[in-house]
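Excluded from the calculations below are hydrogen atoms, water molecules and symmetry mates; all remaining heavy atoms, backbone and side chain alike, are included.
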Amino acid sequence: MAKNVLEVNNLKTQFFTRAGVVYAVDGVSFHVGEGETLGIVGESGCGKSVTATSIMRLIPSPPGKIVDGEILLSDEEGTTDLLTLSDSEMRHVRGHKVAMIFQDPMTSLNPVLTIGDQISEPLILHLGLSKREAQERAIDLLKRVGIPAAEDRINAYPHQFSGGMRQRVMIAIALSCNPRVLIADEPTTALDVTIQAQILELMMHLNQEFGTAIIMITHDLGVVAEICERVVVMYAGQIVETGAAKDLFNNPQHPYTIGLLNSVPQIGERVKESLTPIPGLPPDLLAPPVGCRFRPRCRFRQEKCETSPPLADVAPGQRARCWFPQGRGATPPEDAAVSTPAAARS
């Protein structure tokens with residue numbers, strides 16, 4: 001088993017607003033090993049991106065604040081809790097040992113600096129390379145991520161690149177210092193299907209070449225099935241299920257995971273059923289539901305669900321935050337409350 005490079009323990013991130021406290025990330029714990037790819041999935045607003053920015057210590061303060069937890073990063077020098085580092089110490093970690101590919105390649109690059117300058121900056125800052133050495137390394141990185149005529153494009157500006165090319169540049173910047181952990185936050189959202197496939201293939205190639213641990217944050221279950229070894233499912237700021245990708249797709253246990261999978265189109269001659277959306281909307285994290293946070297939308301909910309369930313073992317290698325873990329084909333009990341007829345599916 002690969003050694004854990006990053007461990008997140010009981011992470012709690014809150015936003016203190018005029019309307020009240022937003023419990024954006026509430027007690028999240030997971031780990032990722034060397035050379036492993038971990039997927040974090042869930043609906044918009046479930047806390048995926050806030051978890052990522054918390055790891056990077058990029059939460060805007062005010063109003064945001066990490067109020068509890070540990071973020072343990074391991075390398076040759078030992079294990080460090082990133083939450084104990086000063087801002088200046090964290091700047092030497094960010095981009096060097098832990099790097100991030102942000103959601104939108106169209107706005108993540110500085111429009112007034114050349115591509116070469118933006119790739120060279122972390123090389124000069126973190127690795128102490130000279131400007132010429134950094135430029136040569138930047139050209140090599142552009143070639144690695146598939147940018148044609150890299151020697152010429154190194155002096156181009158972001159607006160001279162397509163969306164797919166800008167995303168490749170973002171990956172080059174993130175990988176420039178050979179980070180221990182790479183966080184990819186929706187790296188294919190703004191790209192067309194063909195470019196998405198190329199970017200995913202590129203990331204997997206670099207993952208195998210450098211042994212970098214990758215945390216893939218996405219709502220696209222197809223991406224997760226293709227490249228992730230383990231999966232964390234988040235809902236309303238909490239982890240509701242976790243396990244090996246093949247186990248989670250073949251035998252989901254939490255009703256929310258089942259709902260996500262049932263709302264995705266399936267290909268095959270025998271697939272004749274219509275898609276089944278999850279009824280309702282995610283809860284307001286200013287005032288999360290009492291007990292199980294998925295309870296108001298769950299077709300399996302019962303009286304016991306008014307008490308918050310723990311994240312517990314439900315199958316070999318799988319854990320779920322549910323009092324009544326189900327198989328994918330499970331039928332709601334007769335006395336269970338059903339939010340809407342569209343939610344029922346045998």
Open item on the list: Give me the atom names and distance for the closest heavy-atom approach of A320 to Q253.
Closed with: CB-CB, 4.2 Å
Task: Over 12 foreign heavy atoms within 6.0 Å of CD, E121 - done: no
Open item on the list: What I want to check is whether the side chains of D117 and T114 have a donor and an acceptor closer together than 3.5 Å.
Closed with: yes
Open item on the list: Hydrophobic clusters here meaning ILVMFWY residues chained together by side-chain heavy-atom distances under 4.5 Å, can you tell me if Y157 and M165 are in one?
Closed with: no
Task: Heavy-atom side-chain proximity of R94 to M56 below 4.5 angstrom - done: yes
Open item on the list: Using side-chain heavy atoms (C-beta onward) and a distance below 4.5 Å, is V223 in contact with M216?
Closed with: yes
Open item on the list: Ring centres under 6.0 Å, that's the criterion: do F300 and F324 meet it?
Closed with: no
Task: Heavy-atom pair with the smallest gap, counting every atom of M234 and I40 - done: SD-CG2, 3.8 Å
Task: Interatomic spacing from NZ in K12 to CG in D26 - rounded to 0.5 Å - done: 5.5 Å
Task: Criterion salt bridge (charged side-chain N to carboxylate O under 4.0 Å, His left out) on E36 and R230, from CA distance to verdict - done: CA-CA 8 Å; E36 184 181 22; R230 287 190 301 111; 2.6 Å; yes
Task: E151 atom CD, over 12 foreign heavy atoms within 6.0 Å - done: yes
Task: Ion pair check, E34 and R180, cut-off under 4.0 Å - done: yes
Open item on the list: Check R137 with E133, please: is the shortest side-chain N to carboxylate O separation under 4.0 Å?
Closed with: no
Open item on the list: I'd like to know if the side chain of N10 pairs up with that of S29 as donor and acceptor (distance under 3.5 Å, no hydrogens or angles considered).
Closed with: no
Task: Exercise: identify the closest heavy-atom pair between V240 and H254 - done: O-CD2, 3.4 Å
TODO: Indicate yes or no: does R295 engage E303 in a salt bridge with an N to O separation below 4.0 Å.
DONE: no
TODO: Using a strict 4.0 Å threshold on nitrogen-to-oxygen distance, state whether R91 and D87 make a salt bridge.
DONE: no
Task: Q160, CD atom: more than 12 neighbouring heavy atoms under 6.0 Å - done: yes
Task: N251 CG to Q318 CD distance, which is reported to the nearest 0.5 Å - done: 5.5 Å
- [ ] Considering only NZ, NE, NH1 and NH2 on the basic side and carboxylate oxygens on the acidic side, decide whether E43 and R297 come within less than 4.0 Å.
- [x] yes
